[in-house]
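The structure displayed is predicted, hence computed values, not measured ones. Both backbone and side-chain heavy atoms feed into the values below; hydrogens, waters and symmetry mates do not.
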Amino acid sequence: MSNANTSKSATPAIEAEELPKAIVRRVVKDKLSELSNADGDGGDPNNVAIHKDALLAFSESARIFIHYLSATANDICKESKRQTINAEDVFNALEEIEFIEFIEPLKAALNDFRKRNARKKAGAMKVKVDKKRKAEGTLKENENGENGVEDVDVEEVNEDVPSSED
């Protein structure tokens with residue numbers, strides 16, 4: 001009876017460690033399409049067939065790689081007497097496990113990610129500040145001296161608006 005209980009409790013743990021199949025499939029198809037285009041074949045990712053076993057092999061390989069890389073990065077972090085793994089620890093771990101060719105593309109991707117997030121954060125902050133100013137009933141003039149509202153002569157507007165007397 002205890003065997004049945006352990007197998008049932010072990011199943012969710014295994015499923016929790018699995019990578020999402022749709023994401024793995026998309027990553028594999030995108031890469032195969034990219035390679036196809038580089039070869040001049042003009043490959044369409046929808047025309048690439050991936051057997052279920054191959055998808056499982058990709059997924060399991062990626063999971064194992066992530067575990068190995070994270071354990072190595074964790075060791076590097078602990079050697080530095082820290083508890084939080086940072087990006088530099090991951091770069092050093094990649095070097096230690098001899099995946100040096102991944103470091104520069106990863107750094108470039110991380111920089112792009114940081115720039116996108118900084119723009120999103122700045123945009124969100126601007127919206128928040130604008131809402132606050134609007135709620136306070138003020139709009140701060142920007143560098144050009146404009147407040148985003150066109151100056152309009154009230155008399156001109158009144159001339160264009162039909163009066164109730166007409």
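- Rounding to the nearest 0.5 Å places CD1 of I64 at 4.5 Å from CD of E60.
- In this view, D89 and R82 satisfy the side chain to side chain donor-acceptor pair (under 3.5 Å) rule, not counting sequence neighbours.
- Put simply, the side chain of L106 reaches to within 4.5 Å of the side chain of L94, judged on heavy atoms.
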For residues 65-77, please give each side-chain donor-acceptor pair under 3.5 Å, one per line with the distance, not counting sequence neighbours.
residue: S70; atom: OG; partner: I66; partner atom: O; Å: 2.9
residue: S70; atom: OG; partner: H67; partner atom: O; Å: 3.0
residue: T72; atom: OG1; partner: Y68; partner atom: O; Å: 2.9

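- A chain of hydrophobic side-chain contacts below 4.5 Å, direct or via other Ile, Leu, Val, Met, Phe, Trp or Tyr residues, connects L110 to I103.
- Note: the hydrophobic cluster containing L19 also contains L55 (ILVMFWY, side chain heavy atoms under 4.5 Å, direct or indirect links).
- Each ring pair (Phe, Tyr, Trp, His ring centres under 6.0 Å) pair with one or both residues in residues 79-98, not counting sequence neighbours, would appear here, but there are none.
- Clustering of Ile, Leu, Val, Met, Phe, Trp and Tyr by side-chain heavy atoms under 4.5 Å joins L56 with none of the others.
- Side-chain atoms of K134 and K131, non-hydrogen and from C-beta on, never get closer than 4.5 Å to each other.
- Atoms CG and OG, from N92 and S80 in turn, are 8.0 Å apart once rounded to the nearest 0.5 Å.
- Residue pairs that meet the side-chain hydrogen bond (donor to acceptor under 3.5 Å, both in side chains) test with at least one member in residues 93-113, sequence neighbours left out, do not exist here.
- Among residues two or more places apart in sequence or in another chain, the salt bridge (Lys or Arg N to Asp or Glu O under 4.0 Å) test is passed with R114 by none.
- K21 is linked by a salt bridge (Lys or Arg N to Asp or Glu O under 4.0 Å) to nothing, counting only residues two or more places apart in sequence or in another chain.
- Here V129 is tied into one hydrophobic group with M125, each link being a pair of ILVMFWY side chains closer than 4.5 Å.
- K128 pairs by the salt bridge (Lys or Arg N to Asp or Glu O under 4.0 Å) definition with nothing, not counting sequence neighbours.
- In terms of the side-chain contact (heavy atoms from CB on, under 4.5 Å) criterion, residue partners of D53 (sequence neighbours excluded) are, by chain and number, H51.
- Taken from NZ in K78 to CD in Q83, the straight-line distance is 9.0 Å, to the nearest 0.5 Å.
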